[in-house]
**Q** 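Have a look at this one before I ask anything.
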Amino acid sequence: MTQIQKSNSELVTQHYLGKTTENRTMYYLQISQPSDKIKKIIWMDCGIHAREWISPAFCQWFVKEILQNYKSDPKIRRFLQNLDLYILPVLNIDGYIYSWEKDRLWRKNRSPHMNGTCYGTDLNRNFNSSWGSIGVSYNCSSEIFCGSGPESEPETRAVAQFIKNKSSDILCYLTIHSYGQYILTPYGSTTKPPSNNEELVGQHIHLLQAVTCGTSLFTLLPFLQRKMAAAALMGKYGTSYKVGATSLILYSNSGSSRDWAHTIGIPFSYTFELRDKGTHGFVLPPDQIQHTCEETMLAVTAIIDYVDRKYFPGGAVMLTASSLGLSLCLSVILTWNVS
Ligand SMILES: [Zn+2]
């Protein structure tokens, strides 16, 4: 992170976030284009679960891609004018190191409980949103132990305090996990949908428009059955993702960072579950790292692009209904949207 900051000092700064249970320092990277404009924030964290190694790999890939392409890629160039990107590459540092050195399938952090007879809280059950109510365990030897109380863990507190302080400026909260190939929206703790559910899931017509209208009608049709980010992702290697509310398409859980971020007022909040669907599970083979990162990049930038256009309309690349291509495109979408 220090290296990245040094070699990209015009864009990147490294900041202190907090300390882990084992007293390691947590830093995040901020990617900001210098500007007088008031900007909003996109937050992304990786590696909240130790064994999900593809997740920290993606955060690194994301930073690399942004820095490599922000001058040439019109989409990135556009959203960096309005949005700062805050990236926490490894949230659960202690657990991540433990998964490298001691137990490849370790999930939780490394906080001791019961006089050091069992270790680890599931940090993604430890946030202050319906804490301890569903999909958790109070047994500290469980994989889904929710801790002794909401935000009982220093890693959770560090992230939660920071995000709370900036919550009015954060438009989008992204948290990267594996595996299963899902893009999960709130909530995990209830099947009741959030008020902006349609837009979150991406069935809103403008979402499809933004993604599909650059492509030919021939490739358009399969996209229409997909949701925006998943459609963008599938376009690269044909990997299919399910999109929907956590409690409806995966399982119920409480105290997740995604639910919490949405309940404190961050409008767009997503959990990504990257490859695969269980063949290799957490131990994704190295030859899938790059493809996974490439396709995920498309989904994440599609979401950021949408958020950017929604909150900062009127940019140079806004779609105009006057073009023949778009009216064709629109009519196809309208027809398909009602079916
Ligand atoms: Zn996870």
Side-chain angles (χ1 to χ4, degrees), residues 20-21 26 43-62 87-100 103-111 119-127 129-131 134-137 142-147 153 155-156 158-160 163 173-189 229 233 239 241-262 269-284 288-289 292-293 296 299-300:
T20 67
T21 302
M26 302 165 72
W43 169 276
M44 181 163 71
D45 58 62
C46 291
I48 190 170
H49 287 144
R51 63 194 173 189
E52 299 165 6
W53 285 9
I54 189 62
S55 165
F58 177 69
C59 263
Q60 293 180 65
W61 182 270
F62 178 81
I87 295 112
L88 177 59
V90 186
L91 196 159
N92 175 12
I93 306 171
D94 299 345
Y96 186 61
I97 290 172
Y98 193 78
S99 76
W100 276 81
D103 178 356
R104 173 66 184 84
L105 293 181
W106 188 257
R107 168 180 168 95
K108 304 182 285 178
N109 76 345
R110 289 295 299 161
S111 58
Y119 281 83
T121 294
D122 183 345
L123 297 174
N124 205 34
R125 302 289 182 278
N126 191 237
F127 282 78
S129 121
S130 305
W131 178 86
I134 191 167
V136 297
S137 169
S142 162
E143 293 272 50
I144 50 170
F145 174 53
C146 58
E153 307 306 302
E155 296 88 352
T156 316
V159 172
I163 290 184
Y173 173 85
L174 300 166
T175 183
I176 313 296
H177 291 246
S178 72
Y179 59 93
Q181 297 175 200
Y182 295 100
I183 299 171
L184 302 168
T185 58
Y187 294 106
S189 59
L233 189 153
T239 311
Y241 268 57
K242 272 192 185 154
V243 186
T246 312
S247 57
L248 294 176
I249 68 167
L250 188 56
Y251 49 58
S252 292
N253 66 358
S254 55
S256 72
S257 61
R258 172 209 56 244
D259 278 11
W260 173 80
H262 195 257
S269 182
Y270 296 97
T271 304
F272 272 73
E273 296 282 358
L274 305 187
R275 289 196 202 177
D276 58 12
K277 287 170 102 168
T279 308
H280 304 284
F282 302 114
V283 193
L284 193 69
Q288 291 198 40
I289 297 171
T292 306
C293 288
T296 308
V300 167

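Ligands are counted one by one from 1 in listed order, and the atoms in each one are counted from 1 as well.
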**Q** Going by the angle between their ring planes, with limits at 30° and 60°, are Phe58 and Phe62 parallel, tilted or perpendicular?
**A**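 Phe58 and Phe62: tilted rings.
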
**Q** Name of the His49 N, O or S atom nearest the Zn ion (ligand 1)?
**A**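 That would be atom ND1.
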
**Q** Any N/O/S atom, side chain or main chain, of Glu273 closer to the Zn ion (ligand 1) than 2.8 Å?
**A**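 Coordinating: no.
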
**Q** Quick check on the 6.0 Å ring-centre criterion: do Trp260 and Trp131 meet it?
**A**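 Not close enough - the centres of the two rings lie 6.0 Å or further apart.
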
**Q** Is a side-chain donor or acceptor of Trp53 paired with a backbone partner of Ser55 at a separation under 3.5 angstrom?
**A**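 Answer holds: no.
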
**Q** Between Glu143 and Arg51, does at least one N-O distance fall below 4.0 Å, as a salt bridge requires?
**A**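 Looking at Glu143 and Arg51, the cut-off is met.
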
**Q** Rounded to the nearest 10°, what angle sits at the Zn ion (ligand 1) between OE2 of Glu52 and ND1 of His177?
**A**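 Value returned, to the nearest 10°, is 150°.
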
